[in-house]
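We number each residue from 1, following the sequence as shown. On a predicted model such as this, the values are computed, not experimentally measured, just so you know.
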Amino acid sequence: MCDFTEMEMAALRAIFAETPDVSKQLQRQMQVARVVKRENTGGGFFTEIAVPNKVPLVVCPNELGYATHARVQGLNHGLGFVLFLAEGKLHLLEGYAEGAEDTRLLDLTSVSFEICDKAIPILG
């Protein structure tokens, strides 16, 4: 495992726990994966992931997550997460703001957070 932030690692582990039938295979990929690119979009973030070719492929849906969320310091409504796989490999972790909040002023590599399994309600 190389270059992942604490929040990225926590989100990935929580997403893996949502899919126990392939969790060990996903963990194996994460151990040798590296971050290629990270972008704070203002509405969340994208972390592009590379996995070496020699790692066994995972047979599962190309999108995982949606039940993993985080309370994040500086955001009222937190982040939700989606993990995208491409051709059986970890490819992209998306963290999306669950409210109309701007993430550009947050240092997402070191922000305080708490992973949770429920979205934080958006109050009108």
Side-chain angles (χ1 to χ4, degrees):
M1 173 171 47
C2 181
D3 297 328
F4 289 104
T5 67
E6 287 185 38
M7 183 166 53
E8 290 165 344
M9 288 189 306
L12 287 168
R13 287 186 182 120
I15 291 169
F16 297 169
E18 292 178 31
T19 54
D21 52 329
V22 293
S23 180
K24 287 183 182 181
Q25 296 167 309
L26 294 168
Q27 287 272 2
R28 221 173 286 129
Q29 285 194 8
M30 188 173 91
Q31 290 174 350
V32 296
R34 64 183 176 84
V35 172
V36 175
K37 182 180 176 185
R38 186 178 282 121
E39 179 184 3
N40 183 335
T41 64
F45 69 87
F46 292 110
T47 301
E48 190 175 331
I49 304 167
V51 175
N53 287 332
K54 64 182 179 185
V55 176
L57 303 179
V58 179
V59 178
C60 67
N62 288 332
E63 292 180 24
L64 302 174
Y66 296 107
T68 297
H69 307 273
R71 291 180 178 86
V72 178
Q73 184 177 6
L75 295 178
N76 292 323
H77 307 296
L79 293 173
F81 300 94
V82 181
L83 174 62
F84 296 92
L85 284 80
E87 299 177 3
K89 295 184 193 175
L90 302 176
H91 174 63
L92 183 77
L93 176 64
E94 177 182 0
Y96 56 90
E98 300 205 90
E101 299 180 277
D102 192 343
T103 61
R104 287 177 289 191
L105 296 179
L106 299 177
D107 180 356
L108 295 173
T109 63
S110 63
V111 69
S112 294
F113 69 93
E114 176 188 358
I115 296 293
C116 51
D117 61 0
K118 286 188 173 183
I120 299 165
I122 299 173
L123 303 174

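To the nearest 0.5 Å, atom CG of residue Leu108 and atom CG of residue Leu79 are 7.0 Å apart. A distance of 4.5 Å separates CD in Glu63 from CZ in Phe84, rounded to the nearest 0.5 Å. Note that CG of Leu64 and CG of Leu26 are 6.5 Å apart. Values are rounded to the nearest 0.5 Å. Within the model, atoms CG of Asp107 and CG of Asn40 stand 9.0 Å from one another, a figure rounded to the nearest 0.5 Å. Note that CZ of Arg71 and CD of Glu98 are 10.5 Å apart. Values are rounded to the nearest 0.5 Å.
Residues passing the side chain to side chain donor-acceptor pair (under 3.5 Å) test with Thr19, sequence neighbours excluded: none. Residues that satisfy the side chain to side chain donor-acceptor pair (under 3.5 Å) test with Gln73, not counting sequence neighbours, are Ser112. Contacts of Tyr96 classified as side chain to side chain donor-acceptor pair (under 3.5 Å), with partners at least two apart in sequence or in another chain: none. Among residues two or more places apart in sequence or in another chain, the side chain to side chain donor-acceptor pair (under 3.5 Å) test is passed with Gln27 by none. By the salt bridge (charged side-chain N to carboxylate O under 4.0 Å, His left out) test, Glu101 pairs with no residue at all, sequence neighbours left out.
One hydrophobic cluster, built from ILVMFWY side chains closer than 4.5 Å, cannot hold both Leu92 and Leu12; they sit in different ones. Note on Val82: it does not cluster hydrophobically with Val35, by side-chain heavy-atom contacts below 4.5 Å among ILVMFWY residues. Both Phe45 and Ile115 are members of a single hydrophobic cluster when ILVMFWY side chains are connected at heavy-atom separations under 4.5 Å. Note on Leu83 and Met9: same hydrophobic cluster, where clusters join Ile, Leu, Val, Met, Phe, Trp and Tyr whose side-chain heavy atoms are under 4.5 Å apart, directly or indirectly.
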Considering only distance and modelled atom types, tabulate donor-acceptor pairs under 3.5 Å from the side chains of residues 46-62, sequence neighbours left out.
| from | atom 1 | to | atom 2 | distance (Å) |
| --- | --- | --- | --- | --- |
| Thr47 | OG1 | Glu8 | OE2 | 2.5 |
| Asn53 | OD1 | Lys89 | NZ | 2.6 |

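Other members of the cluster containing Leu105 do not exist, because no ILVMFWY side chain is joined to it at under 4.5 Å.
In this structure, the side chain of Gln29 engages the main chain of Gly88 through a donor-acceptor pair within 3.5 Å.
Asp21 approaches Gln25 most closely through the heavy-atom pair O-OE1, 4.3 Å. Considering all non-hydrogen atoms of both residues, Phe4 and Arg38 come closest at CA-NH2, 4.1 Å. Residues Phe81 and Gly95 share a closest heavy-atom pair of CD2-CA, 3.8 Å. Nearest heavy-atom pair across Ser23 and Ala17 is OG-N, 4.4 Å. A pairwise comparison of heavy atoms in Leu106 and Gly74 identifies CD2-CA, 4.1 Å as the closest pair. When every heavy atom of Thr103 is checked against every heavy atom of Ala97, the shortest pair comes out as CG2-CB, 4.4 Å.
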*Given side-chain contact (heavy atoms from CB on, under 4.5 Å), test Glu18 with Tyr66 step by step and report yes or no.*
CA-CA 9 Å; Glu18 292 178 31; Tyr66 296 107; 5.6 Å; no
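For the pair Met30/Leu90, a side-chain contact is recorded, criterion being any heavy-atom separation below 4.5 Å from C-beta on.
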